[in-house]
Amino acid sequence: MTHPTSQTGRTEDQTTHPTVSNESTTEAALRRERDTLQLILDHAPIGIWLQNGQGKIEFVNQAFCTATGVSEATFKSVAHYAELIPPPFREQCLASDRKALATFGISENNQRLPFADGKVHDLNIIKAVKRDEQGNPLFLVGLSVDITDSLAKQRALAESEERLRMAMAAANQAWFEIDVPTGRVTVSPEYVNLIGHDLKVPLTTDMTHWQSQVHPDDVERALAVLHQGLQQDEPLSVDYRRATAWGGWKWLRTVGKVAERDDAGNALRVVGIHTDISLLKAHEQQLEHMAHYDALTGLPNRVLLADRLRQAMAQTVRLGQRLAVVYLDLDGFKAVNDTLGHAVGDRLLAILAQRMQAALREGDTVCRLGGDEFVAVMLDVPDTAALTPLLARLMAAMAAPVVLDSLTLAPAASVGVTFYPQAIDVDGDQLLRQADHAMYQAKQSGTNSHAIFDTVIDQDTRQRLDTLARIRQGLNDGEFVLHYQPKVNMGTGQVVGLEALVRWQHPTRGVLPPAQFLPVLQGHPLAIDLGNWVLAHAIAQAAQWRDQGLGLPVSINIDGGHLQHPDFVAHLRSLLARHPQLRPGDVELEVLESSAIDDLTRANAVMTQCAAMGVGFALDDFGTGYASLTYLRRLPAGLLKIDKSFVNDLTTDADNQALLRGIMGLAVAFKRQVIAEGVETVAQGEQLLAIGCMLGQGFGIARPMPATDVPAWLAGWRPDERWTATPT
Ligand code: C2E
Ligand code: MG
Ligand code: MG
């Protein structure tokens with residue numbers, strides 16, 4: 001603002017008043033009131049002024065003087081305030097005055113004025129006119145609020161929004177904006193392109209309309225996501241199908257975000273982007289089809305079968321029915337491939353797949369597992385009687401001749417069937433295995449035949465699996481222990497060693513002898529694990545007794561399969577190496593004469609290698625196997641352990657006595673030692689000594705005991721006097 005005097009401030013002091021002694025109290029009160037009013041007017045953060053009908057300023061507050069840089073005196077000195085306004089802004093002021101004078105009530109306008117800070121400010125100006133009874137203007141009150149800052153902010157916001165819009169348009173994005181309270185939706189032209197409406201259609205629509213355009217299957221989900229999206233601040237994303245102008249649906253992915261909330265946190269404005277994901281979805285569906293269907297035959301594949309079977313099983317149980325799982329394997333398909341080529345093989349498979357599908361009832365599923373293997377799931381098949389006609393139809397369809405160009409093929413299939421549910425709980429995989437198993441049986445009984453899985457036999461194998469799992473767990477949990485049974489020279493009382501015998505301290509069934517768990521392990525790799533556990537612990541025990549100066553050799557029972565394991569010698573060597581204090585003969589191995597040693601040359605080699613490490617062998621239960629003499633001849637076992645069945649009735653059975661004498665003779669001839677097991681009585685010992693068998697083991701000497709009991713037993717052990725007295 002230009003002004004004749006640059007001085008600001010007041011020309012008369014209106015804040016101090018001389019006290020007049022004769023002044024009435026009313027006047028003093030009025031004066032006080034006027035002072036207060038003046039104070040308020042001066043310091044209000046808005047400009048306030050009063051002008052008469054001719055534009056002469058009669059009052060102006062201090063805030064306005066300060067802001068404009070024009071003093072009150074200057075304001076009051078001019079005939080019309082417009083003289084103080086620089087020409088470019090003058091007309092606007094006069095126009096606003098004219099408008100106010102023509103308005104009964106309040107008039108308002110925005111205008112711009114240069115201020116003392118040298119900048120042009122945006123002002124919101126409110127004017128009111130005081131009139132006389134005839135309506136002629138007496139004076140005009142003006143209020144001016146500086147809105148420069150808020151206008152600048154508003155402009156910046158608008159600009160940034162505009163820039164955003166331009167950017168989105170440039171990016172070819174179909175954006176949208178929802179005004180939540182009114183439900184109005186504004187969309188960009190790209191969105192209109194996306195769904196195929198031409199641009200004449202108004203861009204602004206509303207939520208109800210939007211809903212009517214969404215695929216009925218997607219509305220609920222889309223709305224749920226939207227609703228949830230309104231609560232959170234992270235962007236929300238929803239995929240849904242939307243009607244297009246040319247008919248049909250388009251898959252859209254809408255990513256939106258709440259852009260504005262009110263003080264209570266309610267969403268006011270949501271903005272976002274729509275993307276056309278139809279191609280993506282189509283691709284997804286294609287992938288899904290590929291993942292679930294066999295490309296050659298179009299039948300469901302193994303993955304989808306698992307799913308369907310699971311559903312069928314659940315439904316069957318719910319309805320109290322039974323279902324049949326039918327496993328089909330083409331007979332001679334490999335020959336077709338090999339002689340006629342894969343192309344012919346493929347065509348044959350495709351034709352048979354079609355036939356199978358046609359032969360099944362609605363609701364049944366047939367799928368291709370791969371190769372020439374198919375599985376059909378037949379619902380509601382109560383028993384084999386109900387199965388027979390269904391199966392006959394299926395197999396007839398498979399066996400009908402197939403004409404391919406000039407070729408006529410006669411296909412056939414082997415079929416295995418199992419039913420569900422069964423006496424025990426089974427899952428889909430097990431059903432497939434059972435049906436597969438039955439199919440193999442069918443194959444063995446000739447082409448184009450079928451077999452039904454026998455669940456009774458299977459339960460036995462299942463029980464075995466359970467036991468094996470339990471043994472493995474027991475082994476991990478340290479439930480196995482070794483007991484030791486002394487071997488003595490009955491004539492001298494010398495203890496020649498101890499036999500390690502494994503026990504299972506079952507947490508619920510108590511201490512189990514080997515007969516209760518070893519047979520299950522027969523031929524299973526777990527037998528090797530348990531055998532290695534025994535080896536390690538028995539050898540460690542022998543080493544400990546060596547350390548204690550007891551020098552007690554330990555004999556360890558070895559399963560024939562374990563002995564023939566390729567790693568056996570190396571493993572034994574590493575176990576022995578852990579205990580360098582051990583001497584040759586401290587560890588001995590007992591091999592059951594009856595155990596399956598199928599490669600004697602190999603067993604011989606192993607035993608020879610062990611002998612070189614100072615580990616001798618005993619042939620256990622000697623005389624019970626059918627190959628005793630062969631073993632005796634071919635295997636380098638230094639000790640023959642006479643089976644307890646010979647010792648048992650030694651005192652009464654003359655034949656056994658003769659047999660034993662024979663064994664003793666053989667032992668001498670082959671330079672082998674002999675020990676008798678199962679010595680329960682003194683009399684048996686006497687007999688054995690009488691025929692020259694000095695070594696014995698049995699309950700009559702000691703029962704198997706924990707290793708910790710051995711020292712005490714050794715201290716108390718005396719052979720029976722009748723034995724030491726027996727002449728040998
Ligand atoms: P084995 O090697 O012939 O062991 C002797 C069996 O006879 C032991 O039974 C022992 O307790 C029992 N016995 C000992 N003295 C007498 C007696 O005076 N009268 C009677 N009636 N029996 C007697 P156990 O401990 O039940 O072992 C049975 C079999 O299990 C063993 O026969 C052996 O073949 C096998 N075995 C034991 N421990 C192991 C092991 O750690 N590994 C392997 N592979 N087999 C083992
Ligand atoms: Mg033994
Ligand atoms: Mg034995």
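Computed from a predicted model, the values in this text were never measured in an experiment. First listed ligand is number 1; within each ligand, the first listed atom is number 1. Along the sequence shown, residues carry numbers from 1.
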Closest contact, heavy atoms only, Gly678 versus Val647: O-CG1, 3.7 Å

Does ligand 1 come near enough to Glu677 that some N or O of the ligand is less than 3.5 Å from an N or O of the residue? yes

Pair Leu535, Leu572 - check side chain to side chain contact (heavy atoms under 4.5 Å, CB included), show working. CA-CA 8 Å; Leu535 269 181; Leu572 180 64; 4.1 Å; yes

With atom 7 (O) of ligand 1 as the reference point, say which of Lys644, Gln684, Gln485, Gln516 has the nearest heavy atom. Lys644

May I ask whether Gly678 places a heavy atom under 4.0 Å from ligand 1? yes

Return yes when at least one N/O/S atom of Ser555 is nearer than 2.8 Å to the Mg ion (ligand 2), and no when none is. no

Looking only at distances, can you tell me whether any N or O atom of Val502, backbone or side chain, sits closer than 3.5 Å to an N or O atom of ligand 1? yes

I'd like to know whether ligand 1 has Arg503 as a neighbour, heavy-atom separation below 4.0 Å. yes

Do the charged groups of Glu588 and Lys487 touch, with an N to O distance under 4.0 Å? yes

Under 3.5 Å donor-acceptor, Gln315 side chain and Gln311 backbone: no

Judged by heavy atoms only, the candidate from Glu499, Glu680, His483, Glu590 nearest atom 19 (N) of ligand 1 is Glu680

Closest to atom 23 (C) of ligand 1 (heavy atoms only, candidates Trp533, Phe517, Phe480, Phe699) is Phe699

So which of Thr681, Leu518, Asp643 gets nearest to atom 45 (N) of ligand 1, if we judge by its closest heavy atom? Leu518

Take the Mg ion (ligand 2) as the vertex and measure to OE1 of Glu590 and OE2 of Glu499; round to 10°. 90°

Compute the minimum heavy-atom distance from Ala515 to ligand 1 and say whether it is under 4.0 Å. no

